[in-house]
Amino acid sequence: MFMQEKYIPAEIERAAQDHWRATAADRAVEVGGKPKYYCLSMFPYPSGWLHMGHVRNYTIGDVLARYHRMLGENVLQPMGWDAFGMPAENAALVNQTPPAHWTRQNIDGMKQQLQPLGLSIDWQRELATCAPDYYRWEQWLFTRLFEKGLIYKKQGTVNWDPVDQTVLANEQVIDGHGWRSGALIEKREIPMYYMKITAYAEELLAGLETLTGWPEEVRLMQKNWIGKSVGVRLAFVLAEETYPEQKLWVFTTRADTLMGVTFVAVAAEHPLATHAAKDNPALAAFIAECKKGSVAEADFATMEKKGMPTGLFARHPLTGEKIPVWVGNYVLMGYGEGAVMAVPAHDERDFAFAQKYSLPIKQVIGVTNEAFSVDHWQEWYGDKHRAVCVNSGKYDGLAHAEAVEAIAADLALAGLGEKEVQWRLRDWGVSRQRYWGCPIPIVHCEDCGDVPVPDDQLPVVLPENVTITGAGSPLSRMPEFFETVCPKCGKPARRETDTLDTFVESSWYFLRYACPDNDGAMLDERVDYWCAGGIDQYIGGIEHAILHLLYARFFTRLVRDAGLIHLSEPFKNLLTQGMVVAPTFYRLDAGGKKHWINPAEVEVKTDEHGRPVGATAKADGQPVSIGGIEKMSKSKNNGIAPQTLIDRYGADTVRLFMMFASPPEQSLEWSDAGVEGAFRFLRRVWKLAYAHVGRGVTAANSGNAGLTEEQKSLRRKLHQTIGKVRNDYGRRLQFNTAIAAIMELLNACDRTDLSDDAGGALAQELLEAVVLMLFPIVPHIGQALYAELKPGVDAARAAFPQADPAALAQDEIELMIQVGGKLRGQIRIPANADAAAIEAAALATKAARKFMDGKPAKKVIVVPGRLVNIVV
RNA sequence: GCCCGGAUGAUGAAACAGGUAGACAUACCGGACUUAAAAUCCGGAGCCGCAAGGCGUGCGGGUUCGACUCCCGCUCCGGGCACCA
C-alpha cells in the first residue's frame, strides 16, 4: 500500500480512532510491574454544549496521559458528569422538560461532541452524579458523618425573594434584587445541615505544606481562606442587668490596642441587638434595614458602613470604663463572636466609623517620630510591627507580641478572656432548598428528632417526573416523597426535602472513578492503587482554586477517617488552566442596545503594517464595532463551536492550536489565523514524511558515524530537542515551547542537505522522533505517519524518544561579550576553555577594545557557557 | 472592600536558576513559481537614526558588573469571596 500524498484529516482520524477502539488502547486495568499514572481533568457540567474551555482542559489532560503512557506508565484517564445543579432547573422552567430528561440528553450530546477529539479516555469508568448508584454512597456517608457529629444542624442565612417566595443563590441576586421578580432581597434564617470542616482546619492548613506539586498561588489562597489567627477572646461585662447573658464576648488579634477601645459593635443578628431593639423602634427599624440585601460577602464588604447605638453600655474588662454598645452593619454574625471591640485610632474601618458618628478616637500605640492626628488615617496607625504601647498605663513601652501576652494574662486573671486560635474558615452549609440535587437522607420524627435513613433504605431516590414552577422545591409539594415513617419508632414522619450542595458530589468523584462498578461499597482497594500518593495530575480552571479543591481535600480526609481509603491529599500535582477568550464585535441598534456578532461572521481589516483598522460583517460588508477580548460566552456571542473547526481542519489541528497558542496556565486568545497556521504545520510534517517514505529508507541512523559536520549539527539539535520536549512535557507542563522547539528542528532540517545515504538514515531517525514527540498532542496524524515510517509498529504503544548523550557533544561554543553590561560582540571558543583563557580571548576582541576605550578592565565576570562581562 | 494573579513587537508568545530581550508562530511587506489566483517556497522587519549609535519588557524608584526576572510604591486588567459550576 502506498502512502497517501495529501493530508486528509477526516480519513486518518477515523482510522486511528477505529484502531484505538479495536485494540482497547485507552482501557485502564490495575496491573503490576509498572508505575501507575492517574491523569484527571475536572469533570464538566453537562450544559449541552462542549465549549473551547472543555476542549482545552481535556486536550491538556490527554497530552499528559499519552506522554506518560509512552514513558511506560499504567495510565488512567476517566471522564464523568457533574450532573446536578441549577441550570437544569432553569432550563426546565423555560422548556417544560424535567431536569433529569434535559440533563441526560445533554450528557449524550456532549459525549458525542467529545468523541471526535480522540481523547484517550477509559469510557467504561464513566459516571454521572445524578445516578442513584452514585449518590446513594454520598447519602450513606452522610448518615455516617451525621452519627459521628461531623454533620449537624443550625440556623443559616439565605437570600429570600419575598415575591417569588423562594430562596435564591447569590448568582440570582443582582444589585440586591431577585433576578426574576426584581424584588428587594431579604436575609432569612432557616435551619440547615453543616459539615464540620473546621474540625479539619488545622490538618487542611498543614497539608498545604506537602503540596509541592501545586501552584504556589493556590496554596496561598487556601491558606488565607482557612485563615488561622491567634488572638484573644475577651468579654465586656454589660452594665445593665436586663440582658440575661451578662457578658458580651469579642475576638481580637489586636489585644495590644485594648486600652484604646471607645465602643463595641455587634452584628444586626446578634441576640443583644434583638434584645435592645425590643423597646426601641428606631433601632428595630435599623436592624430590619440591615437585613435587606444579599448574603454575599462581596456585597457586604463594599456597602456603606452604618451603625446605631443600642443605648446599652458595657464595662471595659481592664479599666471598668463604661463603653457604649452599637449595632454595626459591617459586623459579621458568622465570624468570631458576631461582635467586635472598636479601636478607632488603630483600625481603619473603626476610624472611619468613629469620624462619621463623632465617637472618641484614643491613641494607644505609637511609632517614633510619627505624630498622631485624629483628622486623617495614616498607614502606621495599624502597623503592629513598628508600634509600641502608649497611653496604656502599665503596658506602655511594650511591643505588639509582649503587649498581647501581658494583656491576655491580666484578662485571664480577671476571668474575662484568654488567648484563642480563630479560623476564618466556617463550617460548610450543605442544605439547598432546591430540587435537582442529592436528597438529604434524614427523616424528621416528632419523637425521635432527626433520624438518618438506615442503609437498607438507601438510596433515597430523587423523583424525576416533576414540574418546576420557580417557587420553592417541587419535593416539598410531593406528599408521596416526604410522607414516610420514622425508621426508629415507625410513627408517621416527614422526610427532609432539601438537597445537598452540588459541591458535595464533586468532592469525591475522583475516588469513585477507581471503582465505579462497585454496588456493595462506596470505595474499595482499587482506590488505594490508582490514588496512591495522590492523583498524579489534576487539571482544571483556576476559578476552583479555593472552594472545590478545599472541599475535595476535606472529603478525602472524611472517607479516610471512615476507614475507606488510606489517603489524605487527593491531588499530588495540580495544573490550573487559563480561560479561552476571543474578540467581541457588536452593532448598536436604534435604542443604543448592543447586538453581539460572532467573530466567525466578521472580517477584520488591517493596514499595510498588519494593524487592525476596522471590521466588517461577512454577511453585508457593513462595518461593525470592535469590543474587548473576553471569555467565550453566549451572552457576548463570541464562542466558537469546536465541531465546526474539527469538520474543517480535523481534531489534530484544533488540539495543536490550543497547545501552541499559549502556555496552559495563561488565558488563550482565539485566532482563526492561528488555527490555519497549525493546520499548515501538520500538512508540512505530512509532506516531509511523504517525501522521505518515497526514498525507501527504513533504517534509522543511530550514531554520528558517516555524517557531515552539518548533519552532525542537525543530529545534535534533534537530541537537544528531545531533551527539551521531555522537560517541557514532564516537568514544566508547557506545551507551546515544546511545539516551538520541534518547529525549529524542522526548520533546521529543511536547511540541511540529507540527500546522501547517511543523510537518509538521519532523516529516518529525525522523522521517527518528531512523529513520536508530536504524538501526545496530535495522535491521529502521529498514528498514521508512524505506520508509514515503521510499518507494523503501533505508535500508541511506542516508547518516547530518548536523547543520545553522544549526539550532544560540542567542540566549540559561542560566548557573548559585554562591556559595562551592554552587549558588544561575540567569540567562538573551545568548549573546554578555562576562565582565564576565556577572559584573555574576550579582552583581545575588537569589540572589547573598542568599547573599553583604552581604559583598564576593573573586573571581568565570566559566566560559563554564556557570556563575559568586562567592567571598566 | 479583602485574598490571589497578570501586563513583553502590529498580534499570540519565548527567554526554564539574575546572564544574547523578542525564539516559534500569526498578520504584514517584498521576491520566485503561475495566464491569473490560491497553495507552496525564499527574503525582510522592535522603535528612532543615512550611519555610528541610542532607546526599549505597564508606570515611578531601588539592589546588582548585569534586572522581563529580585525589592519598595503605583496604574490598569483578570480570578475568587462560602447558594454559579
Side-chain angles (χ1 to χ4, degrees), chain A residues 42 44-45 47 82 85-87 156 158-159 167-173 215-218 220-221 223-225 227 295-303 305 330 334 349 424-434 501-503 506 541-548 550-551 576 578-579 581 604 606-612 628 631 660-663 665-674 676-678 680-681 683-684 687 724 727-728 731-732 734 736-737 739-744 747 750 814-818 820-823 826 858-861 863 865-867 869-872:
Chain A
M42 288 181 187
Y45 177 80
S47 61
D82 187 14
M86 263 195 334
V158 294
N159 302 307
V167 174
L168 295 185
N170 284 337
E171 188 193 46
Q172 299 171 311
V173 180
E216 191 53 45
E217 87 206 61
V218 176
L220 191 58
M221 278 192 259
K223 185 182 172 200
N224 291 339
W225 185 264
V295 301
E297 199 191 307
D299 296 337
F300 199 79
T302 48
M303 72 191 176
K305 310 286 178 284
Y330 63 95
R349 201 173 46 184
R424 206 190 77 96
L425 182 68
R426 309 198 290 262
D427 278 340
W428 176 13
V430 291
S431 293
R432 295 292 178 269
Q433 299 68 48
R434 264 184 271 287
D501 180 1
T502 57
F503 267 124
S506 57
I542 183 71
E543 66 272 21
H544 297 292
I546 297 177
L547 291 180
H548 162 61
L550 189 64
Y551 291 148
T576 51
M579 293 180 307
V581 297
V604 175
T606 58
D607 64 12
E608 72 273 22
H609 302 290
R611 295 189 190 94
K631 179 175 176 173
F660 182 58
S662 65
E665 306 212 324
Q666 270 179 49
S667 60
L668 182 153
E669 192 180 322
W670 189 258
S671 146
D672 284 330
E676 189 72 46
R680 258 199 312 256
F681 174 73
R683 198 162 49 192
R684 179 179 166 203
K687 273 172 67 176
K724 172 163 179 57
N727 189 38
D728 282 350
R731 187 182 67 82
R732 296 215 301 159
Q734 192 168 299
N736 55 331
T737 46
I739 296 164
I742 295 168
M743 287 174 168
E744 259 188 87
N747 290 345
D750 274 356
E814 194 161 78
L815 289 186
M816 297 302 125
I817 308 281
Q818 290 185 344
K822 279 189 202 290
L823 180 69
Q826 60 252 45
K858 207 189 325 180
K859 198 168 164 190
V860 180
I861 292 145
V863 183
R866 295 227 177 240
L867 55 74
N869 187 13
I870 301 162
V871 189
V872 290

Notebook entry, point to check: Measuring from His548(A):NE2 to Phe503(A):CZ, what's the distance to the nearest 0.5 Å?
Noted result: 8.0 Å

Next item on the list: Pick base, sugar-phosphate or nothing for Val158(A), based on heavy-atom distances below 4.0 Å to the nucleic acid.
Entry: base

Next item on the list: Answer with base, sugar-phosphate or nothing: what part of the nucleic acid does Gln433(A) contact at a heavy-atom distance below 4.0 Å?
Entry: base

Margin query: Using a heavy-atom cut-off of 4.0 Å across all strands, would you classify Thr302(A) as base, sugar-phosphate, or nothing?
Written below: base

Margin query: Under 4.0 Å, heavy atoms only, any strand: does Ala673(A) hit a base, just the sugar-phosphate, or nothing?
Written below: sugar-phosphate

Next item on the list: Looking only at non-hydrogen atoms, find the nearest pair between Asn159(A) and Val295(A) and report the distance.
Entry: OD1-N, 2.8 Å

Margin query: Counting the atoms with a prime plus P, OP1 and OP2 as sugar-phosphate, which does Gly429(A) contact under 4.0 Å by heavy atoms, base, sugar-phosphate, or nothing?
Written below: sugar-phosphate

Check: Which glycosidic conformation, syn or anti, is assigned to G9(B) if syn requires a torsion within 90° of zero?
Finding: syn

Checklist line | Closest-nucleotide 5' rank along RNA chain B - winner of Gln666(A) and Gly677(A) | finding: Gln666(A)

Next item on the list: Could you check whether Phe660(A) gets within reach of a base, just the sugar-phosphate, or nothing at all, counting any heavy atom under 4.0 Å?
Entry: base

Check: Which parts of nucleotides 64-74 of chain B does protein reach within less than 4.0 Å, heavy atoms only, written one letter per nucleotide 5' to 3' as B for base, S for sugar-phosphate only and - for none?
Finding: -B---------

Next item on the list: Runs of at least three consecutive Watson-Crick or G-U pairs, both distances under 3.5 Å, are what I'm after; which ones involve RNA chain B?
Entry: B:1-7 with B:75-81, B:10-12 with B:24-26, B:28-32 with B:40-44, B:46-48 with B:53-55, B:58-62 with B:70-74

Next item on the list: Report the residues that fulfil side-chain hydrogen bond (donor to acceptor under 3.5 Å, both in side chains) with Glu543(A), sequence neighbours left out, ordered by chain and then residue number.
Entry: none

Next item on the list: Give His544(A) one of three labels, base, sugar-phosphate or nothing, depending on what nucleic acid heavy atoms sit under 4.0 Å from its own.
Entry: base

Checklist line | Distance in angstrom units between Met816(A) CE and A15(B) P, rounded | finding: 18 Å

Margin query: Give me the distance, rounded to whole Å, that separates G79(B) from U26(B) when you measure between the P atoms they each carry.
Written below: 30 Å

Checklist line | Exercise: identify the closest heavy-atom pair between Leu867(A) and Gln818(A) | finding: CD2-NE2, 3.7 Å

Margin query: Counting the atoms with a prime plus P, OP1 and OP2 as sugar-phosphate, which does Ala296(A) contact under 4.0 Å by heavy atoms, base, sugar-phosphate, or nothing?
Written below: sugar-phosphate

Check: Of the candidate nucleotides A15(B), A39(B), U20(B), which contains the atom at the shortest distance from the side chain of Arg732(A)?
Finding: A15(B)

Next item on the list: Using the P atom as the reference point in each nucleotide, state the distance between A10(B) and G5(B) in Å, no decimals.
Entry: 29 Å

Notebook entry, point to check: Would you say the base of C16(B) and the side-chain of Asn727(A) have a donor-acceptor pair closer than 3.5 Å?
Noted result: yes

Margin query: Under 4.0 Å, counting only non-hydrogen atoms across every strand here, what does Ser506(A) touch: a base, just sugar-phosphate, or nothing?
Written below: nothing

Check: Do Asp501(A) and Trp428(A) have side chains that get closer than 4.5 Å, going by heavy atoms?
Finding: yes

